[in-house]
Amino acid sequence: MNKICLVFFLVVPFSLMANCSALEEKYSAPKAEKRTIAQLKRWVGRKVDDNNDAEALLQCLIARAADNPNKRQVAGGSF
């Protein structure tokens, strides 16, 4: 049971990261680190027609958005 949980927690994040990079490349997404969440939402609304892709891409971009309050920061910089 522990091995199944370990595999799940290791495989799922990597598959989501691969999905994010594939979607960003497919739609030529802007650099999220240089945009606000509102700018990213407007961009996705204008450029992405597929609702499933739009939701997934938006979540990927918001995770790295410049004004995301949940983004980890250290000494004025970010990871």
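FYI, side chains are in, hydrogens and waters are out, and symmetry mates aren't considered; it's all heavy atoms of this structure. What you are looking at is a predicted structure, and each value in this text was computed from that prediction instead of being measured.
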| task | Determine yes or no for a side-chain-to-main-chain donor-acceptor pair under 3.5 angstrom, with Asn68 supplying the side chain and Ile37 the backbone. | result |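 Between the backbone of Ile37 and the side chain of Asn68 there is no qualifying donor-acceptor contact (under 3.5 Å).
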| query | Tell me, do Lys26 and Leu57 make a side-chain contact under 4.5 Å, heavy atoms counted? | reply |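 Side-chain contact under 4.5 Å: no.
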| message | Is there a side-chain contact between Arg35 and Lys31 in this structure, where contact means two heavy atoms from C-beta onward sitting under 4.5 Å apart? | response |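 Arg35 vs Lys31: side chains apart.
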Kindly give the heavy-atom pair with the smallest separation between [X] and [Y], and that separation in Å.
X	Y	answer
Lys34	Gln39	O-OE1, 4.4 Å
Glu33	Ala66	O-CB, 3.2 Å
Asp67	Thr36	OD1-CA, 3.4 Å
Ala56	Leu23	CB-CD1, 3.6 Å
Leu40	Ala65	CD1-CB, 3.7 Å
Ala29	Leu61	CB-CD2, 4.2 Å

